[in-house]
K.L.:
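Shown below is the structure under consideration.
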Amino acid sequence: MKLIVDSGSTKADWIAIDDSGKVLFTTQTLGLNPEILDETEVVERLNDRFDILQNKNEATHLFFYGAGCGTERMKVFLSQVFQAYFPNAIVVVEEDTYAAVYATTPKGEKAIVSILGTGSNCSYFDGKELHQKVQSLGYIVMDDCSGNVFGKELIRKYYFNKMPQHLAVEFEKEYDMTPDYIKSKLYKEANPNAYLATFAKFLIQHKEDPFCKKIIYKGMKSFVKNYIRQYDNYQEVPVHFVGSIAFYLKDELQVTFDKYQIKLGNVLRRPIDGLIAYHVANK
């Protein structure tokens with residue numbers, strides 16, 4: 001049994017397949033970002049899903065692609081946790097960008113591959129190897145155009161009384177905007193970046209409103225300038241995306257890319273289906 005996992009900070013999609021690619025079960029856990037979780041929290045999230053707990057000894061391979069796995073230290077930490085939990089499995093831990101590459105980019109082709117979800121990332125794939133010019137420092141100072149950055153922007157606009165009244169009324173209906181609740185979510189509970197990203201839903205639902213439209217295009221412009229344009233051939237190769245922000249704002253991405261003469265490639269909400277095909281083809 002092979003376990004294939006695509007994990008962001010908010011959630012992790014799990015699929016178990018046999019050697020022929022037949023799906024044995026699918027499930028979902030909370031995100032398993034090693035930058036913000038310790039070993040106990042990771043194990044608790046695994047134990048919370050019966051399919052995973054029941055089959056922990058049956059797994060022969062675990063291919064884990066996750067947010068927060070971009071450094072060797074984090075990869076080693078998570079590999080050790082998984083190796084102890086899945087004692088009979090060969091464990092491979094890679095950063096989530098590899099999942100995006102394998103799911104979106106035809107074998108051997110060159111592309112810029114980006115993630116726009118709870119967080120954001122951007123790498124260049126030369127057909128064999130992955131290259132990254134901007135090392136992510138996490139959601140507090142980076143993650144341009146991501147769900148958590150959009151969330152921070154909406155909260156700030158609301159509290160600085162810069163959100164139009166008609167939107168502020170709707171905002172208050174959907175979210176608890178009391179200071180104590182927000183500060184508890186941000187400073188006392190796990191995954192504050194995932195909490196911030198929940199506000200992006202409001203932005204997407206009201207994306208035609210001039211106020212929201214301005215925030216969206218500002219974020220996309222920042223992502224192009226700070227990430228995509230780091231690569232000299234950014235106008236020569238397609239730029240693929242995975243993640244809910246990219247998926248639900250694909251039209252806005254196209255408008256932005258047209259302005260910079262960039263070719264928008266494949267845009268997937270989740271890379272997990274593409275990962276199945278990849279691992280079946282590369283046994």
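Reckoned from all heavy atoms, side chains included, excluding hydrogens, waters and symmetry mates.
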K.L.:
So among Val91, Val43, Leu3, Val92, which one has a side chain to side chain contact (heavy atoms under 4.5 Å, CB included) with Phe82?
P.N.:
Val91
K.L.:
About how many Å separate OH of Tyr195 and CG of Leu186, when rounded to the nearest 0.5 Å?
P.N.:
6.0 Å
K.L.:
Does the Thr60 side chain pair with the main chain of Met1, one donor and one acceptor, at a distance under 3.5 Å?
P.N.:
yes
K.L.:
Between Cys69 and Pro34, is there a side-chain heavy-atom distance shorter than 4.5 Å?
P.N.:
yes
K.L.:
Where the side chain of Asp143 meets the backbone of Ser146, is there a donor-acceptor pair that is under 3.5 Å apart?
P.N.:
no
K.L.:
Can you confirm whether Lys259 is buried at NZ, in the sense that more than 12 heavy atoms of other residues, nucleotides or ligands lie under 6.0 Å from that atom?
P.N.:
no
K.L.:
State whether a side-chain donor-acceptor pair under 3.5 Å links Asp180 with Thr178.
P.N.:
no
K.L.:
In sequence, state the C-alpha distance, the side-chain angles, and the governing distance for Phe199 and Phe171, and then conclude on side chain to side chain contact (heavy atoms under 4.5 Å, CB included).
P.N.:
CA-CA 9 Å; Phe199 292 91; Phe171 202 57; 3.4 Å; yes
K.L.:
Within a strict 4.5 Å, meaning less than it, do heavy atoms of the Leu275 and Val5 side chains meet?
P.N.:
no
K.L.:
Is there any salt bridge (charged side-chain N to carboxylate O under 4.0 Å, His left out) pair reaching into residues 96-109, and which pairs are they, with sequence neighbours excluded?
P.N.:
none
K.L.:
With a 6.0 Å cut-off on the ring centroids, do Phe50 and Phe25 count as close?
P.N.:
no
K.L.:
If only atom types and distance count, is the side chain of Ser120 paired as donor or acceptor with the main-chain N or O of Asp144 below 3.5 Å?
P.N.:
yes
K.L.:
Tyr85 ring centre to Lys56 NZ or CZ under 6.0 Å, with the angle to the axis within 45°?
P.N.:
yes
K.L.:
Tell me, with the steps shown, if Asn148 and Thr118 meet side chain to side chain donor-acceptor pair (under 3.5 Å).
P.N.:
CA-CA 6 Å; Asn148 77 73; Thr118 297; over 6 Å; no
K.L.:
Starting at SG of Cys212, measure out to CG of Leu167 and round the result to the nearest 0.5 Å.
P.N.:
5.0 Å
K.L.:
Determine, stepwise, if the pair Lys207 / Lys213 fulfils side chain to side chain contact (heavy atoms under 4.5 Å, CB included).
P.N.:
CA-CA 5 Å; Lys207 67 178 188 176; Lys213 188 175 292 188; over 6 Å; no
K.L.:
Quick check: are there more than 12 heavy atoms from other residues, nucleotides or ligands sitting under 6.0 Å from CD of Glu189?
P.N.:
yes
K.L.:
So, do Thr26 and Trp14 sit near enough that their side-chain heavy atoms are less than 4.5 Å apart?
P.N.:
no
K.L.:
Set out, in order, the CA-CA distance, both residues' side-chain angles and the distance that settles side chain to side chain contact (heavy atoms under 4.5 Å, CB included) for Thr71 and Lys75, then state yes or no.
P.N.:
CA-CA 6 Å; Thr71 65; Lys75 283 197 280 190; over 6 Å; no
K.L.:
Please name all residues satisfying salt bridge (charged side-chain N to carboxylate O under 4.0 Å, His left out) with Glu95, sequence neighbours left out, ordered by chain then number.
P.N.:
none
K.L.:
Any chance you could lay out the side chain to side chain donor-acceptor pair (under 3.5 Å) test for Gln230 and Tyr124, step after step, and finish with the verdict?
P.N.:
CA-CA 10 Å; Gln230 294 279 348; Tyr124 174 67; over 6 Å; no
K.L.:
Within a strict 4.5 Å, meaning less than it, do heavy atoms of the Gln83 and Leu62 side chains meet?
P.N.:
no
K.L.:
Hey, are Gln235 and Tyr260 close enough side-chain-wise for a donor-acceptor pair under 3.5 Å?
P.N.:
no
K.L.:
Rounded to the nearest 0.5 Å, what separation is found between the CG atom of Asp51 and the CG atom of Leu46?
P.N.:
12.5 Å
K.L.:
Is atom CD of Gln261 surrounded by more than 12 heavy atoms (other residues, nucleotides or ligands) closer than 6.0 Å?
P.N.:
no
K.L.:
Check the angle between the aromatic planes of His279 and Tyr65 and answer parallel, tilted or perpendicular using the 30° and 60° thresholds.
P.N.:
tilted
K.L.:
Are Tyr231 and Tyr227 an aromatic pair by the rule of ring centers under 6.0 Å?
P.N.:
no
K.L.:
Salt bridge (charged side-chain N to carboxylate O under 4.0 Å, His left out) for Arg270 and Asp13? Distances and angles first, verdict last.
P.N.:
CA-CA 9 Å; Arg270 306 186 311 162; Asp13 293 315; 3.3 Å; yes
K.L.:
Applying side chain to side chain donor-acceptor pair (under 3.5 Å) to Glu58 and Asn88, what does each step give before you reach the verdict?
P.N.:
CA-CA 7 Å; Glu58 306 302 318; Asn88 301 315; over 6 Å; no
K.L.:
Side chain to side chain contact (heavy atoms under 4.5 Å, CB included), that's the test. Do Phe202 and Glu170 meet it? Break it down for me.
P.N.:
CA-CA 9 Å; Phe202 183 88; Glu170 295 297 319; 3.9 Å; yes
K.L.:
Nearest 0.5 Å, please: how far is CD in Glu174 from OG1 in Thr198?
P.N.:
10.0 Å
